[in-house]
Amino acid sequence: MYYIPRGPWTKSLLSVCRDKRSVAQVHALMILTGILGTGNNNNNNNNNLLIASYARTGDFLSARCMFDDFPHRGVMTWNALVIAYSRKGSPDEVIGLYRRMILEGIKPDSSIFTVTLKACASLLDLKTGEEIRDFAIECGYKDDVFVCSSVLNLYAKCGKMDEARRVFDGMPKKDLVSWTTMISGFVRIGGSMEAVSIYRRMQNEGMEGDGVVMVGLLQSCASLGDLKMGLSVHGYMIRREFTMDVVVQTTLIDMYVKNGLLTVASSVFKKMSYRNVVSWGALMSGFAQNGFAGEAFELLIQMQSDGFKPDMASLLSVLVACSHIGLLKLGKAVHGYIARRLEFDHVSATAMIDMYSKCGSLSSARSLFDRVNTRDMISWNAIIASYGVHGQGREALSIFLQMIETNLKPDHATFASLLSAFSHSGLVEEGLHWFNLMVTYYKIQPHEKHYVCVVDLLARAGRVEEAHELIEAMVNEPGIAVWVALLSGCRNKVNIDFGQKIANKVLQLKPDDPGIYALVSNVFAAARNWEAVASVRKLMRNSGRKKIPGCSVAEVNGRLHAFLVEDKSHPQHEKIVAMLEWLDQEMRKMGYVPNTEFVLHDLDEEVKQRMLFNHSERLAIAFALLNTGPGVRLLITKNLRVCGDCHEATKFISKIVDREIVVRDVKRFHHFKDGFCSCGDYWIFSRKRRWIRIEYKEV
DNA sequence: GTAGGGTTAG
C-alpha cells in the first residue's frame, strides 16, 4: 500500500534532493504513483525536473539516459540538460548539445544562447561564438540584454575589447552585468585606464557598482599602482557599508600588496571573518614577492594549522620565498609535494627552475627544464636568466638561440636576461650585437633596464666613453640606474676624474638608496677625495637613509645561519674567529694582501684590515667550514654585493681548504674553486634587496 | 560579470 500525495509535490521534493540517491528515490516514487511518462504537458515538466535534478546532483549518466529516451523533448528539456552541463563546467558538451538541438529543429531560447556563448568564451572559441551570435540575432535576440552581455563576455575573454566596445555601444539597454563585463574585460587585457573610464561613465549614467565592479576597480588600482584610487575605493565601500564578501576582501588585500602596503594588507586579512585558500595565498604572495620570506613561511604554517591545504598558487609563493633567501631544502620539499600531490605543470616547473638556480643548483634547474615538455616564453626566460646569474653567458646565448629555433618570439624580459648574462660574463661584442638586433630586427623598444646592461657591459670593459655616448643617445631622459651602471663601471678602472664627474651627476639626481651613496662615496674614496667622501656621508645622513648592514647566510644541513657584519652574537663566535685567523695566516703565506681600498672610511690601515676581517661573508664562510665535513660544497648568500677583498680572500680560501664555495650576492653567483672564481673577477656593485631582518637567528 | 601563482637590469 502506498500513500499517494496530492498536489504538485514533485517539484518541492526534487528541489531538496542533495544527492543522486534521493533523486532516484523520488524518481521511483514518481513511477509508482504513475505520474510519469504519459506525455501531457504536466508530465513533460516532471521529466524536465527529473533530468535537471539528476544533472544537478552530478548523475549525468541518468540525466543523459532519461534525456535520450524522452520522446517529447522541448526547449525546457534541452535547457535542463544544457544548463546542468554548463554548471558542471563542460563547455564541449554544451556546444555539442546546442548543435544537436539545432539539427533537431528546435529553436533555442535566450538562456540556451547565453549558456552556449559562455561555453565558447571559456574555450576561447571565437569562431563558434560568432556563429552562435549570428544565429541569435537571426532568432530575434539582437537587443536581448542577456545575449548581448554574453557576446560581450565572449569578446572580453578572447581579448577583443575593440569588438566588445562596438557591441556595447550599440546596446540600447545596458544592465549591471554588461557594464561589469566591460570593466573586467579591460582589466583582463591590461587596460586599467579604460576600465576606470568605463566605470566613470557608468557612474554618470546613475548606475551603482556592486562587489564585482569593485573587484574590477581594485584590480585596476593594483596594476596601475594607483594607491590613491585604491584607498578611495576602499573608503567608498566603507562609507556605503558595502558587504564585502571574501572575493572583494581578497582583491583588496591584493591591491594593498601590489602597492607595497603589506601592513595594511595584513590588517585587512586579520579582520576577515571568513577566509579561504585564495585569501591566504594573496597575502602570502605579497610577502614572498616583496622579499619577506620569513613572513611567507609563517603564513604557510598558520594556514595549515587553520585547516587549509596549500594549493598550487600558495606553494608557488613559497618557492619564490625559497628563491629569495636560498633555502634549497624547503624548495626541494615543495617540489616533492607538488610532484606527488598536485598536477605538475609548466608554470610550477618555471618557478622551480628559478628556485633551483637561485639556490645555487644550476644543474637541477637545467635538468628540470629539459624534462618540461610544454615550455612557454617564461620558462625559456627563466633558464636564460639562470645561466646569466651563474656567469655562463655563452650557455645563456646558446639556449636563447634554441628558443628562437622553436619560433617563440623573445620579449623584453628575454633580452633583459640575455643582456645581463652577457654583462656578467663580459661578452661585450655579443651584447652589442644582440642589443642592436633587439631594436632593429625584433622591434623591441629598449627599456632603461636594457640600457643599464649594455652600459654596464661597456663600462666594465673599460669602454667608458662608448657607454657615455650610448647614454647621451638615449631617446628618453636616462634615469639614475643608467648613470649608476656607468659609475660602477668606473669604480675599479683607472678613470678617476671621469668617475668623479659621473658621481656628481648621480648625486644631482638625488638617489634615495643608501647603496648608491655608498657607491658614490667609494668612487671619491678611490680618488682619495676625502672631502667629497665626507660630504656624501653628510648627504646620506640628511636623506635619512642608513646604509644597509651586510648580512650573509650560510646553509648548513638545511638550516640557514645568518651573520651580520661584525656579528659577535653567534654561539660559536670564538671558534669562528680562530678559524679566520688561521685562514688569514695561510692566505698571507700564499701571497694574499688585504685590499683596504674597499673599506669606505678614512682610517688607519690596521683598523681597516680588522674591518675586512669582520665582513659578514667571512664569518659565514668560517662557520660553514667549521660545521660541514671535508669536501662539502658551501653555499653562502649575501644581501649586498660581495666585497672586493672578500672576493679575493674567498678565492684563496677555496684553494686552502679545497672546497667549492658558492656565494650568491645580491645579483649573481660566484663559484669559487681552486683559487678561481667563475665570475672572472667581474664582481659588481649592486643595490639593496630587502632582506631577512635578523640579529642572529636560525631560520 | 568577480579574487591569490612562474621569468626581467643595477
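Residue numbers begin at 1 in each chain, while the letters A, B, ... track the order of the sequences. FYI, side chains are in, hydrogens and waters are out, and symmetry mates aren't considered; it's all heavy atoms of this structure.
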_Nucleotide dG1(B), atom P - distance to NZ of K118(A) in whole Å_ = 5 Å
*Please tell me which of the listed nucleotides, dT7(B), dG1(B), dG4(B), lies nearest to the side chain of D254(A)?*
dG4(B)
*When all nucleic acid strands are considered with a 4.0 Å heavy-atom cut-off, which category describes A481(A): base, sugar-phosphate, or nothing?*
base
*Of the nucleotides dG10(B), dA3(B), dA9(B), which has the atom closest to the H424(A) side chain?*
dG10(B)
*Just call it for D376(A): base, sugar-phosphate, or nothing, with non-hydrogen atoms closer than 4.0 Å on any strand.*
base
*Would you indicate what S314(A) reaches in the nucleic acid, counting non-hydrogen atoms under 4.0 angstrom: base, sugar-phosphate, or nothing?*
base
_Taking any heavy-atom pair under 4.0 Å as a contact, classify S285(A): base, sugar-phosphate, or nothing._
sugar-phosphate
*Please report, rounded to the nearest Å, how far the C1' atom of dG4(B) is from the CE atom of M272(A).*
11 Å
_Between E466(A) and R463(A) (salt bridge meaning N to carboxylate O under 4.0 Å), is one present in this structure?_
yes
*Taking the side chain of V212(A) as its heavy atoms from C-beta onward, which of dG5(B), dG1(B), dA3(B) lies nearest to it?*
dG1(B)
_What's the closest nucleotide to the side chain of D354(A) if the choices are dG10(B), dG4(B), dT7(B)?_
dT7(B)
*Quick one: salt bridge (Lys or Arg N to Asp or Glu O under 4.0 Å) partners of E430(A), sequence neighbours excluded?*
R394(A)
*asked:* Is it the case that the side chains of D311(A) and S314(A) hold a donor-acceptor pair, with the cut-off being a distance below 3.5 Å and no angle test?
replied: yes
*Which whole-number value in Å describes the distance from F168(A) CZ to dG1(B) P?*
15 Å
*Whether F669(A) and H390(A) hold their rings parallel, tilted or perpendicular, with breakpoints at 30° and 60°*: parallel
*In whole Å, what is the span from the CE atom of M161(A) to the C1' atom of dG1(B)?*
12 Å
*Quick one: is Q219(A) getting a side-chain N or O under 4.0 Å of the dT2(B) phosphate, OP1 or OP2?*
no
*Select base, sugar-phosphate, or nothing to describe what V278(A) touches, counting heavy atoms under 4.0 Å on all strands.*
base
*Less than 3.5 Å between a donor and an acceptor, one on the side chain of N276(A) and one on the base of dA3(B), is that the case here?*
yes
_Under-3.5 Å donor-acceptor pair between D311(A) side chain and dG5(B) base_ = no
_If only side-chain N and O atoms count, and only distance matters, is there a donor-acceptor pair under 3.5 Å linking D370(A) with S367(A)?_
no
*asked:* In this structure, how many angstroms lie between the P atom of dG5(B) and the CE atom of M352(A), rounded?
replied: 17 Å
*So which nucleotide from dG1(B), dG6(B), dA9(B) ends up closest to the side chain of K449(A)?*
dA9(B)
_Atom-to-atom span, CZ of F422(A) to P of dG10(B) - whole angstrom_ = 14 Å
*asked:* So H450(A), base contact, sugar-phosphate only, or nothing? Heavy-atom distance under 4.0 Å.
replied: nothing
*asked:* When you measure from the side-chain N and O atoms of S423(A) to the phosphate of dG10(B), is any distance below 4.0 Å, counting only OP1 and OP2?
replied: yes
*asked:* Looking at dG6(B), I'd like to know if its phosphate oxygens (OP1 or OP2) sit under 4.0 Å from a side-chain N or O belonging to K358(A).
replied: no
*Could you go step by step and tell me if D169(A) and R201(A) meet the salt bridge (Lys or Arg N to Asp or Glu O under 4.0 Å) rule?*
CA-CA 12 Å; D169(A) 289 338; R201(A) 254 177 80 190; 3.4 Å; yes
*So does N153(A) get a side-chain nitrogen or oxygen closer than 4.0 Å to the phosphate oxygens (OP1/OP2) of dG1(B)?*
yes
*Counting heavy atoms from C-beta on, name the nucleotide in dG5(B), dT2(B), dA9(B) closest to the side chain of L316(A).*
dG5(B)
*Return the value, rounded to whole Å, for the distance between atom CZ of F186(A) and atom P of dT2(B).*
15 Å
*Atom CE of M284(A) and atom C1' of dG5(B): how far apart are they, to the nearest Å?*
11 Å
*Between the side-chain atoms of T350(A) and the base atoms of dG6(B), is any donor-acceptor pair under 3.5 Å?*
yes
*Indicate whether OP1 or OP2 belonging to dA3(B) is found under 4.0 Å from a side-chain N or O atom of K258(A).*
no
*asked:* Under a plain distance cut-off of 3.5 Å, with no hydrogens placed, do Y387(A) and R366(A) share a side-chain donor-acceptor pair?
replied: yes
*How is V248(A) classified with respect to the nucleic acid when contacts are heavy atoms under 4.0 Å: base, sugar-phosphate, or nothing?*
nothing
_Nucleotide of dA3(B), dT8(B), dG1(B) approaching T180(A) most closely (side-chain heavy atoms)_ = dG1(B)
*So what does S279(A) touch, heavy atoms closer than 4.0 Å: a base, only the sugar-phosphate, or nothing?*
nothing
*State which of dA9(B), dG5(B), dT2(B) makes the closest approach to the side chain of D345(A).*
dG5(B)
*Would you mind classifying the nucleic acid contact of A413(A) as base, sugar-phosphate or nothing, using non-hydrogen atoms under 4.0 angstrom?*
base
*Nearest-neighbour nucleotide for the V247(A) side chain, dG6(B), dT2(B), dA9(B) considered*: dT2(B)
*Assign H447(A) to base, sugar-phosphate, or nothing according to its heavy-atom contacts below 4.0 angstrom with the strands shown.*
nothing
